[in-house]
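Taking it in order: structure first as C-alpha cells, then the write-up.
The residues of the chain are indexed from 1 along the displayed sequence.
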Amino acid sequence: MEPLIVANWKMNPQKIDEARKILKGIKEGIGDIKGVEIIICPPFVYLPYWVEFFKKDEKKIKLGAQDCFWQEKGAFTGEVSPKMLKDLGVEYVILGHSERRKYFGETDEMINKKLKAAISAKLKPILCVGETERELGIRNYELGEVKNVLRNQLKMALKNIPNSLFQIPNSLIIAYEPVWAIGTGNPCPPEEAKKVLLFLRKILKKNQILYGGSVNSENAIYYIKEANFDGLLVGGASLKAKEFIKIVKSCSVKN
Ligand code: PGA
C-alpha cells in the first residue's frame with residue numbers, strides 16, 4: 001500500500017486566509033505526485049471551505065476531521081456529529097488524540113463510543129494510542145510497560161468493533177503516537193518505534209499503522225523505509241507547506 005501521510009493542523013492557523021495559503025502551497029507543491037496518500041485534518045470551521053476546494057481538486061488530497069461526538073444529533077452544545085461530517089464530504093476522523101485525552105478528559109470508553117459512531121456514519125477512524133513519559137519510565141525504551149499501556153488502550157477503544165474492520169487495511173487506521181514525542185522536537189528513534197510497531201502488528205495484523213510525534217522532513221523517511229510504518233501523522237510540520245511537501249515527497253514509494 002502507498003504510505004499515508006496525515007496532517008493534523010490542531011487549532012491552527014488562526015485565520016482562514018492563512019489556511020488557504022497553506023493549502024494552496026501544499027497543492028502546488030505536490031503537483032501530480034503519485035505513490036503516497038494525503039489526508040488533511042483542519043479545524044472544523046475550515047471544513048466547508050475545504051470541501052469545495054477538494055471537489056475541484058478531484059479528491060487528490062483527502063479530508064479528515066480532528067474529532068467527532070458519539071451522538072447523531074440533539075442537545076449536545078458545542079459538539080459535531082459523525083453524520084454531519086460525512087454529509088459535508090469528510091472521509092476520515094482522528095479519534096483519541098492524546099491532547100483530547102489530556103485537556104478534555106477523554107477516556108478509552110468515550111473513544112470507543114466515538115469510534116463506533118464514526119464507523120456507523122461510514123467515516124474512517126484514525127485511532128491514536130501512545131504512552132506518556134511516565135508510562136515509558138526513564139526513557140530506557142524497555143517495552144514492558146509500554147506494551148501494557150497500548151494493549152489496554154486498544155482493547156478498550158476497540159471493544160465490540162465489527163470484525164470486518166480488522167480485515168480491510170484502511171477501514172480503521174491506528175496511529176502510534178508516544179505522548180512524550182508530540183510537539184517536543186524529541187521523536188521516538190525509528191529503531192525503537194519499530195519495536196512498538198512489531199508488537200502492534202501482532203494485535204492488528206492488517207490495519208495501517210502510522211507513526212506520529214515530532215515528524216519532520218529529515219526523519220520522516222526512516223519511519224517509512226526503515227521502521228516500516230504504513231504512514232505518518234504529522235502535526236507542527238504540516239502547517240508549513242514546504243516542509244510538509246518535503247515529507248510527502250520523501251515518503252512516496254515512487255520516490
Ligand atoms: P507533532 O504532532 O508532529 O507536532 O509532534 C503530532 C500529533 O500530535 O499528531
Side-chain angles (χ1 to χ4, degrees), residues 4-16 18-20 22-23 26-27 37-101 103-129 157-162 164-165 168-175 177 207-208 210 212 231-235 238-239:
L4 184 64
I5 312 296
V6 183
N8 175 13
W9 281 18
K10 311 191 181 188
M11 201 169 71
N12 299 296
Q14 292 179 47
K15 295 186 174 165
I16 180 87
E18 289 173 60
R20 282 196 179 105
I22 303 168
L23 181 57
I26 293 175
K27 192 182 167 218
E37 276 191 79
I38 303 166
I39 302 169
I40 296 190
C41 306
F44 285 134
V45 288
Y46 299 148
L47 287 171
Y49 160 72
W50 287 61
V51 168
E52 285 309 304
F53 191 97
F54 286 106
K55 269 187 204 143
K56 283 179 217 136
D57 200 28
E58 290 158 4
K59 300 256 168 194
K60 192 161 56 190
I61 300 173
K62 307 230 169 90
L63 190 59
Q66 297 172 16
D67 184 35
C68 67
F69 194 48
W70 58 77
Q71 296 282 359
E72 254 180 48
K73 61 176 179 170
F76 303 102
T77 303
E79 290 299 332
V80 173
S81 80
K83 280 204 166 173
M84 289 172 186
L85 295 171
K86 185 68 188 174
D87 181 55
L88 203 59
V90 173
E91 288 181 65
Y92 294 82
V93 61
I94 297 174
L95 291 174
H97 191 281
S98 65
E99 285 150 16
R100 298 223 46 98
R101 294 178 193 251
Y103 298 116
F104 305 97
E106 281 195 14
T107 61
D108 290 311
E109 286 80 7
M110 289 157 79
I111 294 161
N112 176 250
K113 285 197 217 174
K114 291 184 173 196
L115 205 76
K116 286 188 201 150
I119 293 162
S120 55
K122 304 212 165 15
L123 290 173
K124 293 178 186 170
I126 302 167
L127 170 67
C128 301
V129 292
L158 299 176
K159 201 170 166 195
N160 298 329
I161 297 295
S164 58
L165 269 98
I168 308 160
N170 73 347
S171 56
L172 167 67
I173 298 152
I174 306 295
E177 294 211 304
N207 301 77
Q208 282 169 297
L210 319 181
L232 300 167
L233 180 47
V234 187
S238 70
L239 286 156

Task: Sequence-distant partners of K116, salt bridge (charged side-chain N to carboxylate O under 4.0 Å, His left out), two or more places apart - done: none
Task: pair L63-P42: side-chain heavy atoms closer than 4.5 Å - done: yes
Task: Contacts of E99 that satisfy side chain to side chain donor-acceptor pair (under 3.5 Å) - sequence neighbours left out - done: K10
Open item on the list: Testing the basics here: between I26 and S238, what is the closest heavy-atom pair and its distance to 0.1 Å?
Closed with: CD1-O, 4.2 Å
Open item on the list: Do S81 and K73 make a side-chain contact, defined as non-hydrogen atoms from C-beta onward lying under 4.5 Å apart?
Closed with: no
Open item on the list: Quick check on side chain to side chain contact (heavy atoms under 4.5 Å, CB included): which of L233, I39, L239 does N8 satisfy it with?
Closed with: L233
TODO: Working to the nearest 0.5 Å, report the span between NZ of K27 and CD1 of I38.
DONE: 12.5 Å
TODO: With sequence neighbours left out, write down each residue that passes side chain to side chain donor-acceptor pair (under 3.5 Å) with R101, or none if nothing qualifies.
DONE: D108
Task: Partners passing side-chain contact (heavy atoms from CB on, under 4.5 Å) against I16 (at least two apart in sequence or in another chain) - done: R20, Y46, Y49
Open item on the list: I need the L95 CG to L115 CG distance, nearest 0.5 Å.
Closed with: 6.0 Å
Task: Candidate pair I173 and L4, rule side chain to side chain contact (heavy atoms under 4.5 Å, CB included), full reasoning - done: CA-CA 10 Å; I173 298 152; L4 184 64; 3.7 Å; yes
- [ ] Could you tell me whether the side chain of D67 reaches within less than 4.5 Å of the side chain of V80, counting heavy atoms only?
- [x] no
Open item on the list: Test of understanding: with side-chain contact (heavy atoms from CB on, under 4.5 Å), list the residues that count as partners of P48, not counting sequence neighbours.
Closed with: L88
Open item on the list: Distance check, rounded to the nearest 0.5 Å: L232 atom CG versus I5 atom CD1?
Closed with: 4.0 Å
TODO: Using the ring pair (Phe, Tyr, Trp, His ring centres under 6.0 Å) rule, collect all pairs that involve residues 74-101, keeping only residues at least two apart or in two chains.
DONE: F69-F76
TODO: Can you sort out the partners of E106 under salt bridge (charged side-chain N to carboxylate O under 4.0 Å, His left out), two or more places apart, ordered by chain and number?
DONE: R100, K114
TODO: Using the test ring pair (Phe, Tyr, Trp, His ring centres under 6.0 Å), find all partners of W50 that sit at least two apart in sequence or belong to another chain.
DONE: W9, F54
Task: Beyond-backbone contact of P82 with V93, side-chain heavy atoms, under 4.5 angstrom - done: no
TODO: Quick one: pull up CG in L210 and CD1 in I126 and give me the separation to the nearest 0.5 Å.
DONE: 6.5 Å
Task: Pairing residues for A157 by the side-chain contact (heavy atoms from CB on, under 4.5 Å) criterion, not counting sequence neighbours - done: I111, L127
Task: Inter-residue atom distance S171.OG - L123.CG, 0.5 Å rounding - done: 12.5 Å
TODO: Under the side chain to side chain donor-acceptor pair (under 3.5 Å) rule, collect the residues that match up with Q208, sequence neighbours excluded.
DONE: none
Task: Interatomic spacing from SG in C68 to CZ in F44 - rounded to 0.5 Å - done: 7.0 Å
- [ ] Sort and list the pairs that fulfil salt bridge (Lys or Arg N to Asp or Glu O under 4.0 Å) and have at least one residue in residues 74-90, not counting sequence neighbours.
- [x] E72-K83
- [ ] For residues V90 and A65, report the shortest heavy-atom separation together with the two atoms involved.
- [x] CG1-N, 3.8 Å
Open item on the list: Among residues at least two apart in sequence or on other chains, which ones pass side-chain contact (heavy atoms from CB on, under 4.5 Å) with T107?
Closed with: E109, M110
TODO: Identify the two heavy atoms, one from I94 and one from C41, that lie closest to each other, and give their separation to 0.1 Å.
DONE: CD1-SG, 3.8 Å
TODO: Identify the heavy atoms of I61 and I40 that sit nearest to each other, and give their distance.
DONE: CG2-CG1, 3.7 Å
